[in-house]
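Working notes, beginning with the structure itself.
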Amino acid sequence: MIDLKTIPAESPLLDEKTKETIAGVLSKLTKEVTIKCVAELQEEKSAEMASFLACLVSLSPKLHLEVYGACEGDGIEMDLEHLPATGFYLDGSYSGAAFHGVPGGKEINSFVIALYNLAGPGQEIPKGTVKKIEKLSRPVHAKICVSLSCHHCPGVVIACQRIAMLNPCITAEMYDANLYPDLVERYNIQRVPVVIINDKDIFMGPRQMEDLVQLFKDAR
């Protein structure tokens, strides 16, 4: 594990006004979350993410940060092929929600809301939808490829990760498509958001939670 004292707790993504807003959201957390990040700190985006996280966790006593080098990721339950990779853990268990890249732009909202949904009161979901989510029984790994400037992407990320938090069969990991051209080529991504289910089925465009639940139910 990397010594956090070696990571600057400053980030251009978090100016004083933004920190004040985020701190207000984080003040509603009632559970403690461990944020685990696997990064290659000699690379720009990994260093940027580590500093962002160090700054973020300083805003709430409910947040704890662990940063690992690329060769230290054994046992960490998320895709480690695309770094930096950051996942949320509650009571020692992986929540199923992770972010690949730096959640700048619109995605800073989905990052903070994911923490709120995991360890705070959470956004309200109709009881009928919750029951449908809890009944999902097929393992689903969802990759959500986004652009940091996309207005529709955060909603899809938030919905997918909310589903993952309510059902241990589901994982939902966000990827900055601009940072990982191999994914763009592999899945022929032409626009975002894109939801890739179990590396087989590709769905482009905005999706509501009910729609996503059905896609996950039908997953192969």
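Computed from heavy atoms alone, side chains included, the values below leave out hydrogens, waters and symmetry copies.
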Task: Within one Ile-Leu-Val-Met-Phe-Trp-Tyr cluster: Val140 and Met165, side-chain cutoff 4.5 Å - done: yes
Open item on the list: I need the Asp79 CG to Ile76 CD1 distance, nearest 0.5 Å.
Closed with: 12.5 Å
Task: Beyond-backbone contact of Glu66 with Tyr89, side-chain heavy atoms, under 4.5 angstrom - done: no
TODO: For Gly69 and Ile2, work out which heavy atoms get closest and say how close.
DONE: N-CD1, 3.8 Å
Task: Selection residues 96-115 - residue pairs positive for ring pair (Phe, Tyr, Trp, His ring centres under 6.0 Å), sequence neighbours left out - done: Phe52-Phe111, Phe88-Phe99, Phe88-Phe111, Phe99-Phe111, His100-Tyr175
Task: ring pair (Phe, Tyr, Trp, His ring centres under 6.0 Å) involving Tyr116 - partner list, sequence neighbours excluded - done: none
Open item on the list: Determine whether Lys45 and Glu48 satisfy the following criterion, salt bridge (Lys or Arg N to Asp or Glu O under 4.0 Å), listing intermediate values before the conclusion.
Closed with: CA-CA 5 Å; Lys45 288 299 179 181; Glu48 184 180 343; 3.5 Å; yes
Task: Set of residues satisfying salt bridge (Lys or Arg N to Asp or Glu O under 4.0 Å) with respect to Asp201, sequence neighbours excluded - done: Arg220
Task: Check: Ser51 and Glu10 side chains under 4.5 Å, non-hydrogen atoms - done: no
Open item on the list: Check for me, please, whether Leu215 and Ile163 land in the same ILVMFWY cluster - side-chain distances under 4.5 Å, paths through other members count.
Closed with: yes
TODO: Check Ile189 against Leu183 and note the closest heavy-atom contact, atom names and distance.
DONE: CD1-O, 3.8 Å
Task: Spatial distance of atom CD1 (Ile170) from atom OG (Ser137) [nearest 0.5 Å] - done: 9.0 Å
Task: Smallest separation among heavy atoms of Ala142 and Val195, with atom names - done: CB-CG1, 4.4 Å
TODO: Group every Ile, Leu, Val, Met, Phe, Trp and Tyr by side-chain heavy-atom contacts under 4.5 Å, then state whether Ile133 and Ile197 land in the same group.
DONE: yes
Task: Cluster check Met1, Tyr94: I/L/V/M/F/W/Y, side chain < 4.5 angstrom - done: yes
Task: side chain to side chain contact (heavy atoms under 4.5 Å, CB included) assessment of Phe216 paired with Cys169 - done: CA-CA 10 Å; Phe216 292 173; Cys169 292; over 6 Å; no
Open item on the list: Can you confirm whether Ser110 sits close enough to Pro103 that some side-chain heavy atom of one is under 4.5 Å from a side-chain heavy atom of the other?
Closed with: no
TODO: Could you pull out all residues at least two apart from Asn109 that satisfy side chain to side chain contact (heavy atoms under 4.5 Å, CB included)?
DONE: none
Task: Result of checking Asn198, Thr171, Asp199 against His141 for side chain to side chain donor-acceptor pair (under 3.5 Å) - done: Thr171
- [ ] Taking Asp3 for its side chain and Lys5 for its backbone only, find out whether a donor-acceptor pair lies under 3.5 Å.
- [x] yes
- [ ] Mind checking salt bridge (Lys or Arg N to Asp or Glu O under 4.0 Å) for Lys217 and listing every partner two or more places apart, or none if nothing turns up?
- [x] none
- [ ] Taking side chain to side chain contact (heavy atoms under 4.5 Å, CB included) as the test, write out the residues that go with Asp218, two or more places apart.
- [x] Gln214
Task: Heavy-atom closest contact (Gly96 atom, Ala164 atom, distance) - done: O-CB, 3.9 Å
Open item on the list: Test question: given the 4.5 Å side-chain rule for I, L, V, M, F, W and Y, name all other residues clustered with Ile113, or answer none.
Closed with: Ile158
TODO: Answer yes if the side chains of Glu43 and Ser46 hold a donor-acceptor pair under 3.5 Å, and no otherwise.
DONE: no
Open item on the list: Any non-hydrogen side-chain atom of Val33 less than 4.5 Å from a side-chain atom of Leu115?
Closed with: yes
Open item on the list: Asn178 vs Val184, test: side chain to side chain contact (heavy atoms under 4.5 Å, CB included). Steps then yes/no.
Closed with: CA-CA 8 Å; Asn178 290 324; Val184 175; over 6 Å; no
- [ ] Grab the two heavy atoms, one from Gly104 and one from Leu148, that are nearest each other, plus how far apart they are.
- [x] O-CD2, 3.7 Å
Open item on the list: Measuring from atom SG of Cys160 to atom CZ of Arg207, what distance do you get when rounded to the nearest 0.5 angstrom?
Closed with: 10.0 Å
Task: ILVMFWY cluster, Ile144 and Ile108 together (side-chain gap under 4.5 Å) - done: yes
Task: Closest heavy-atom pair and its distance - Leu53, Ile35 - done: CD2-CG2, 4.0 Å
Task: Set of residues satisfying salt bridge (Lys or Arg N to Asp or Glu O under 4.0 Å) with respect to Arg186, sequence neighbours excluded - done: Glu81, Asp182
Open item on the list: By the side-chain hydrogen bond (donor to acceptor under 3.5 Å, both in side chains) test, which pairs, at least two apart or in different chains, include something from residues 148-164?
Closed with: Ser147-Ser149
Task: side-chain hydrogen bond (donor to acceptor under 3.5 Å, both in side chains) partners of residues 22-42, not counting sequence neighbours, each pair once - done: Glu32-His64
Task: Close side-chain approach of Val67 to Leu4, heavy-atom, < 4.5 Å - done: yes
List the atom pairs, donor and acceptor, that lie under 3.5 Å between side-chain atoms in residues 117-130 and the rest of the protein, sequence neighbours left out.
from   : atom 1 : to     : atom 2 : distance (Å)
Asn117 : OD1    : Gln123 : N      : 2.8
Asn117 : ND2    : Gln123 : OE1    : 3.1
Thr129 : OG1    : Glu210 : OE2    : 2.5

Task: side chain to side chain contact (heavy atoms under 4.5 Å, CB included) between Glu107 and Cys153, worked out - done: CA-CA 8 Å; Glu107 289 305 329; Cys153 292; 3.4 Å; yes
Acceptor/donor pairs from residues 11-23 side chains to any protein atom, 3.5 angstrom cut, sequence neighbours excluded:
from  : atom 1 : to    : atom 2 : distance (Å)
Ser11 : OG     : Leu13 : N      : 3.1
Asp15 : OD1    : Lys17 : N      : 3.3
Asp15 : OD1    : Thr18 : N      : 2.7
Asp15 : OD1    : Thr18 : OG1    : 2.7
Glu16 : OE2    : Lys19 : NZ     : 3.0
Thr21 : OG1    : Lys17 : O      : 3.1

Open item on the list: As an exercise, state the distance from SG of Cys145 to CD of Glu173, rounded to the nearest 0.5 Å.
Closed with: 11.0 Å
Task: Rounded distance [0.5 Å steps], CG in Leu56 versus CG in Leu26 - done: 6.0 Å
Task: side chain to side chain contact (heavy atoms under 4.5 Å, CB included) evaluation trace for Thr86 with Met49 - done: CA-CA 9 Å; Thr86 305; Met49 187 59 175; 3.3 Å; yes
